[in-house]
Amino acid sequence: MFDPNTLTGADISTEFCGIKLRSPYILSSGPLGYGAKGLIRAHQAGCGAVVTKTIRIGRAINPVRHIAAFGNTSLVNCEKWSDLEREQWYEQEIPQTKAAGAVVIASVGHTPEEARVIVKDAQKAGADMIELVSYTEESLLPMLETAKNLADIPVICKLSANWPDAAATGLRCLERGADGICAIDSIGPVLKIDVEHARPALAGAEGRGWMSGEALRPLSLHVNAAIAKAAPDFHNLYGSGGCMSAHDAVEYFMAGCSCVGVCSIGILRGIDSVERMCRDLSALLQKLGYPSVTAARGVALPYIPDRDVVSKLKFSFEPFANEHTGARGCSNCRRCVTVCAYGARSLDYPDMHVDPSLCRDCGACADVCPTGALFAEILPQSADDLEREAELAALDEKIKLL
Ligand SMILES: Cc1cc2nc3c(=O)[nH]c(=O)nc-3n(C[C@H](O)[C@H](O)[C@H](O)COP(=O)(O)O)c2cc1C
């Protein structure tokens, strides 16, 4: 059982929609929230709140198979909503999860009529918040209107990057009274082929699945940061998609989120990994100089530019470990050489060379360095950089008019 009092680093408690959470990890709606037992396990592992599998007017029957791994860190699935009847959620699963001390978010899908039928009963059963999820953005806004009229508890809207502009939809939800936003749901449709058996890995119609896990994280971060930048006073944003470690969680906080969903990590590595992620988070935040999750929230947003920025990189290279500075030195792995698309970099350890006539300042070589021995600093813009930047902007405008 996770005990926040045993953490020795930064404070990882946070607040979401006015409710205090002991950790910023929220079990996202999915198979681990199939019922009270799964939700309680996630709570005990350290999740600050747990979301039920999506409740609809009738129970789901799933195609077989409906979950497959995609590499080691991502999944494809065509799992439908909860396979329990909604009455069972009201009478047993939600009350039992509440009795175990968890903060419970009832996921309600997928139509305004279903919101009308389910929201009040989920609240009566003890849910602390409602999360609305729908297949189309057209149905999400009427669901929100219905839920806000019926609920006295906070209402969260879950966004999907399958829609043309999820961040814009999120802002529309805020205008219409959403208390919280979750971005994003799994993305698709996608297809995985099982080459041994020459058929789709999943049995959904047309082999369709939806992708989650690590592959989703950069997409989700972009949507979350766009919402956080456009609505700087709104703090009830939780990122969902590919949070596999404390490091990933910090990315979400720096992009403006107060909490972060966990789903695929719990399936792939076991939900008990959340306990380790809580400890790692407390230590990592402290190491980075943030006393709490709240202190790290949104710190990267001012550096996300509104326009393309052109400048140059200044590389530094530390071939040898140095116990005084903490430098780990070069391991001669040569990833920096391999990754250079332009053949600009060569390493004859301990001598590193870069040919400035070939280097395009892309930064990939320093990004893949596992020890930090190769480091790229972004230089302040020179007059020449500003000229090239203006040239780029002019070309963009010209292309738009074509
Ligand atoms: C097998 C599976 C089932 C899911 N079922 C639901 C669901 O019933 N309702 C829902 O809102 N999201 C559902 N999701 C989406 C997750 O809640 C989450 O938003 C998404 O997987 C991205 O997070 P992750 O990368 O941490 O998994 C499901 C995801 C998976 C992998």
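Each ligand, and each atom within it, is numbered from 1 in the order the structure gives. Heads up: numbering here begins at 1 and tracks the sequence.
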Exercise. What do you reckon, does Ser240 have a nitrogen or oxygen under 3.5 Å from a nitrogen or oxygen of ligand 1?
Worked result: yes

Problem set entry | Distance filter under 4.0 Å to Val133 heavy atoms, resulting ligand 1 atoms | 11 (O)

For this session: Among all protein heavy atoms, pick out the one at the shortest distance from atom 30 (C) of ligand 1; state its residue, atom name and that distance to 0.1 Å.
Result: Asn77 ND2, 3.4 Å

Problem set entry | Residue and atom name of the nearest protein heavy atom (relative to atom 16 (C) of ligand 1), distance in Å to one decimal | Ser29 O, 3.2 Å

Exercise. Would a 4.5 Å heavy-atom cut-off, applied to side chains only, mark Cys243 and Met277 as touching?
Worked result: yes

For this session: Please could you name the atoms of ligand 1 that Ser28 approaches to less than 4.0 Å, counting only its heavy atoms?
Result: 17 (O)

Seminar exercise, completed: When distances are taken from atom 15 (C) of ligand 1, the protein heavy atom at minimum range is Asp185 OD1, 3.3 Å

Exercise. Do ligand 1 and Thr54 have nitrogen or oxygen atoms that lie under 3.5 Å from each other?
Worked result: yes

Exercise. Looking at side-chain heavy atoms only, is the closest gap between Leu221 and Tyr252 below 4.5 Å?
Worked result: yes

Exercise. For atom 21 (O) of ligand 1, what is the nearest protein heavy atom, given as residue, atom name and distance?
Worked result: Ser212 CB, 3.2 Å

Exercise. Does any N or O atom in Cys263 lie less than 3.5 angstrom from one in ligand 1, N or O only?
Worked result: yes

Problem set entry | N or O pair under 3.5 Å between Gly261 and ligand 1 | no

For this session: Considering only non-hydrogen protein atoms, determine which one is nearest to atom 27 (O) of ligand 1 and report residue, atom name and distance to 0.1 Å.
Result: Ser264 OG, 2.6 Å

For this session: For salt bridge (charged side-chain N to carboxylate O under 4.0 Å, His left out), just list the numbers for Arg388 and Glu391, CA-CA rounded to whole Å, side-chain angles, deciding distance to a tenth of an Å, and then say yes or no.
Result: CA-CA 5 Å; Arg388 290 189 301 144; Glu391 198 183 311; over 6 Å; no

Problem set entry | Heavy-atom closest contact (Glu389 atom, Val310 atom, distance) | OE1-N, 3.1 Å

For this session: For atom 12 (N) of ligand 1, state which one of Lys158, Lys53, His110 supplies the nearest heavy atom.
Result: Lys158

Problem set entry | Side-chain donor-acceptor contact under 3.5 Å, Ser382 with Lys312 | no

Exercise. Which atoms of ligand 1 are found less than 4.0 Å from any heavy atom of Gly30?
Worked result: 3 (C), 4 (C), 5 (N)

Problem set entry | Atoms in ligand 1 with a heavy atom of Glu79 nearer than 4.0 Å | 3 (C)

Exercise. Passes salt bridge (charged side-chain N to carboxylate O under 4.0 Å, His left out), Glu175 versus Arg172? Steps please.
Worked result: CA-CA 5 Å; Glu175 276 164 23; Arg172 278 197 285 280; over 6 Å; no

Problem set entry | Heavy atom of Ile184, distance to ligand 1 below 4.0 Å | yes

Seminar exercise, completed: The answer for which part of Leu216 has a heavy atom under 4.0 Å from ligand 1 is side chain

For this session: Could you tell me whether the side chain of Asn62 and the main chain of Glu79 form a donor-acceptor pair under 3.5 Å?
Result: no

Exercise. Within the side chain of Ser282, is there an N or O that forms a donor-acceptor pair under 3.5 Å with the backbone of Arg279?
Worked result: no

For this session: On the 0 to 90° scale, with breaks at 30° and 60°, tag the Tyr135-His110 ring pair as parallel, tilted or perpendicular.
Result: tilted

For this session: Look only at interatomic distance and state if Gly242 has a nitrogen or oxygen under 3.5 Å from any nitrogen or oxygen of ligand 1.
Result: yes

Exercise. Taking the side chain from Ser29 and the backbone from Thr54, do they hold a donor-acceptor pair closer than 3.5 Å?
Worked result: yes

Problem set entry | Numbered atoms and elements of ligand 1 in range of Pro31, under 4.0 angstrom, heavy atoms | 1 (C), 2 (C), 3 (C)

Exercise. After noting the C-alpha distance and the side-chain angles of Thr146 and Asn149, does the key distance pass the side chain to side chain donor-acceptor pair (under 3.5 Å) rule?
Worked result: CA-CA 5 Å; Thr146 305; Asn149 283 333; over 6 Å; no

